[in-house]
Every structure is written in structure tokens, then in C-alpha cells.
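What you see below is based on every heavy atom in this structure, not just the backbone, and it leaves out hydrogens, waters and symmetry mates. Order of the sequence lines fixes the chain letters, A, B, ..., with proteins taken first and strands second; residue numbering starts at 1 for each chain.
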There are 2 protein chains.
Amino acid sequence: MTTNNIIEQLKQKGLKVTPQRVAIYEAVIKLKKHPTAEKVIEYIKKNHPNISVGTVYKVLESLVENQLLKKVKNEKDVMRYDAITQHHHHLYCTDSERIEDFEDRELDRMIQEYFSRKKIKGFKVKEITLQITGEFKN
Amino acid sequence: MTTNNIIEQLKQKGLKVTPQRVAIYEAVIKLKKHPTAEKVIEYIKKNHPNISVGTVYKVLESLVENQLLKKVKNEKDVMRYDAITQHHHHLYCTDSERIEDFEDRELDRMIQEYFSRKKIKGFKVKEITLQITGEFKN
DNA sequence: TTCTAAATAAGAATTATTATCTTTAAGTAA
DNA sequence: TTACTTAAAGATAATAATTCTTATTTAGAA
């Protein structure tokens with residue numbers, strides 16, 4: 001995603017385009033691997049040495065609210081952020097903090113088909129994400 | 001689950017049977033709805049007014065290590081705990097902090113079958129849990 | 001160019017959780 | 001039953017992540 005693209009997206013959401021917002025959004029996209037707020041701060045400080053920690057948290061939060069980012073979390077660590085692209089699942093490593101994306105349209109179709117056939121009583125499903133835990137082989 | 005049952009389980013895991021451990025384990029089971037450490041403390045204080053916060057955290061942690069409890073977390077709140085029964089998924093409410101269990105053996109079988117057929121490259125799957133987000137219809 | 005609301009910076013405050021250190025008590029064996 | 005050993009509990013300090021507050025700055029509209 002280009003910087004112009006990022007600016008365009010912020011505008012579309014009615015967010016003021018500030019250098020901080022652009023940098024933070026760009027950082028999450030560039031860093032991939034679901035960075036924590038801390039990783040984002042570390043990365044951004046290179047070009048924006050004076051950026052405030054609170055700003056990073058606030059901007060991340062507002063990008064999530066505006067559906068430009070998503071939060072990801074497993075049971076053992078702090079909040080992480082993920083750029084919204086296509087719907088995907090997450091592979092969590094049992095032995096480390098590693099998290100990877102996993103996309104599988106066929107799987108999605110199968111699950112979607114399953115739940116359109118078999119409703120959950122008293123619950124309206126909006127989204128299903130698989131938390132796949134296991135081990136990365138080397 | 002009876003108190004004797006709880007005591008038996010602690011013994012089986014080689015954990016000393018203390019009133020605090022029994023109370024904490026019992027609380028998570030009784031409270032259902034995936035209580036936070038705070039909820040557990042609140043509940044336990046009724047019968048154990050002098051229990052220490054650190055103890056609750058420590059005991060919860062050791063019950064998780066000994067696979068008597070599981071941690072559950074979604075993207076918007078603090079750690080929650082869940083008694084281990086059968087394998088199950090979670091229904092997360094988009095509008096509140098509510099989390100419910102969801103069991104479906106047929107679904108599990110279907111997913112298991114899918115992944116035994118279609119491997120994930122470089123990853124050995126151990127467990128798959130669905131994070132189903134949506135709305136509870138009162 | 002000026003104006004105004006919204007955003008940022010700085011740092012204090014809060015919250016959840018963990019660590020430390022002393023005291024207590026569970027389980028074992030005499 | 002009693003005494004012993006060691007793990008567990010209690011109290012509280014420390015830490016880490018995140019949120020809040022207030023003054024200052026700036027993006028975008030007029």
C-alpha cells in the first residue's frame with residue numbers, strides 16, 4: 001500500500017490526515033507480523049523521534065474504530081495490531097510469541113456453508129476466525 | 001463438579017490441597033461465563049475475606065499450567081479463565097463483554113477432517129478454536 | 001489568512017499482573 | 001500426634017501496558 005493510498009483511506013473515513021496517523025498506519029502495514037504498540041513506536045521513532053507514546057495508542061485505537069486495523073490477541077501477550085486486508089485466520093505458536101496469518105477461501109466457504117445450514121440458537125453470527133495453535137516446523 | 005471432585009483433581013496433579021486452591025477452582029467453575037481474576041476475587045472474598053490478590057493470580061496460573069483451567073481472551077479485555085471440560089469454541093458479543101461456550105462435535109469433526117486432508121505448510125496443528133463474533137439475540 | 005475543533009506532546013495516573021519477602025500450613029514420617 | 005520440611009499464602013512493592021489530563025499545536029474549513 002502506497003502512502004497516497006493511506007492518505008486516501010484516512011480521508012475516506014473522515015479522519016484528519018496527520019503525519020503521525022500516516023506513519024502509524026504505514027508502520028503496522030510495513031511491519032506485518034502483528035506488531036505490538038511498542039514495536040510500532042520503536043519503528044516510528046526512526047523518522048518521528050518526537051512522537052508521543054499516548055498518540056500511538058490513540059491513533060491505533062482510532063484506526064481500529066474506523067476499521068482500518070484490527071486487534072489480535074492470544075492468551076499470553078499484549079495487544080497486537082493487524083492491517084485489515086482479506087478475512088484471515090491466525091496461527092499461534094505454542095512455544096513462542098509468533099503469530100502468522102492464514103488464509104483459506106475454501107475453508108471459509110465450508111464454514112460459512114455449515115453455519116448457514118446449522119444456526120446457533122440465540123446468536124447471530126457476524127464473523128468467524130480460527131485460532132489455530134500448534135508448532136511452526138523450523 | 002463437587003468439592004471432593006475438585007480436591008481429587010488437585011491431588012492427581014500433585015498440587016497441595018489448600019482451601020484457597022479449592023475455593024478458586026470452585027469459583028471459576030461456579031461462575032461460568034469466563035470470569036476475570038477480579039470476578040474470582042470478588043466471589044471468593046465472601047467466604048475467604050482475607051485471601052490475597054496475588055494468591056488468586058498465582059493459583060489461577062498454576063491451575064492453567066496443570067491444565068485444570070484455560071485462559072480465554074478476546075481483543076477487548078483482560079484475561080479470563082475457563083474450566084476445562086470438553087473442547088469448545090467461543091461466542092463473543094460485539095456489543096458487550098459477554099462470552100459463551102459453544103460446542104459442536106459435528107463441526108469439530110468436519111474441521112479436523114479438513115485439516116487432515118489439507119495440511120498447512122510448515123505448521124503442525126495442535127488445536128483449533130473458533131472465535132465466533134456476533135450478536136446475542138436476547 | 002484566520003479561525004476552530006481536533007490532534008498531539010508530555011507526563012501523571014490507573015489497572016492488571018508479577019515479584020519479593022516473610023509467615024503459615026499441608027503433607028509426610030517418626 | 002507431633003515435629004519437620006517445603007510449598008503455598010499473605011502483604012505489599014514493583015512493573016508493564018494502557019489511559020487520562022492538560023497545555024500546545026495544527027489540519028482543514030471559511
Which pairs, protein N/O on one side and nucleotides 7-12 of chain D N/O on the other, fall under 3.5 Å?
| residue | atom | partner | partner atom | Å |
| --- | --- | --- | --- | --- |
| D:dA7 | O4' | B:Lys16 | NZ | 3.1 |
| D:dA8 | OP1 | B:Arg21 | NH1 | 3.1 |
| D:dA8 | OP1 | B:Arg21 | NH2 | 2.8 |
| D:dA8 | O5' | B:Arg21 | NH2 | 3.4 |
| D:dA9 | OP1 | B:Thr18 | OG1 | 2.5 |
| D:dA9 | O3' | B:Gln20 | NE2 | 2.6 |
| D:dG10 | OP1 | B:Gln20 | NE2 | 3.1 |
| D:dG10 | OP2 | B:Ser52 | N | 3.2 |
| D:dG10 | OP2 | B:Thr55 | OG1 | 3.1 |
| D:dA11 | N7 | B:Ser52 | OG | 3.3 |

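Taking atom CD of B:Glu42 as the reference point, atom P of C:dT15 lies 15 Å away to the nearest angstrom. In this structure, A:Glu61 atom CD and C:dA6 atom P are separated by 19 Å, rounded to whole Å. The NZ-P distance, from B:Lys13 to C:dG27, rounds to 17 Å in whole Å. Distance OH (A:Tyr25) to P (C:dA7): 17 Å, rounded to an integer number of Å. In this entry the distance linking CD of A:Glu38 with P of D:dT18 reads 9 Å, nearest Å. To the nearest angstrom, P of C:dT24 lies 18 Å from NE2 of B:His48.
The shortest distance between side-chain heavy atoms of B:Phe115 and A:Leu130 falls below 4.5 Å.
Taking five base pairs at each end of the helix from C:dT1-D:dA30 to C:dA30-D:dT1 and finding the rotation axis that steps the C1' atoms of four pairs onto the next four gives two axes whose angle is 30°, to the nearest 10°.
Summarising the local packing, CD of B:Glu127 is surrounded by more than 12 heavy atoms from other residues, nucleotides or ligands at distances under 6.0 Å.
Here B:Phe102 contributes atom CZ and B:Gln131 contributes atom CD; the two are 14.5 Å apart, rounded to the nearest 0.5 Å.
For B:Lys118 and A:Asp104, the salt-bridge test passes: some basic side-chain N is under 4.0 Å from an acidic carboxylate O. By the 4.0 Å N-to-carboxylate-O rule, B:Arg105 lies close enough to B:Glu103 to be salt-bridged with it. Residues B:Arg109 and B:Glu113 are not paired through a salt bridge, judged by the lack of any N-O separation under 4.0 Å between the basic side chain and the carboxylate.
Take B:Phe136 and apply the ring-ring contact (aromatic ring centres under 6.0 Å, His included) test, not counting sequence neighbours, and it matches A:Phe123.
The side chain of B:Tyr57 places an N or O atom within less than 4.0 Å of a non-bridging phosphate oxygen (OP1 or OP2) of C:dT17.
Contact between B:His87 and B:Ile128 at its shortest, heavy atoms only, is NE2-O, 2.9 Å.
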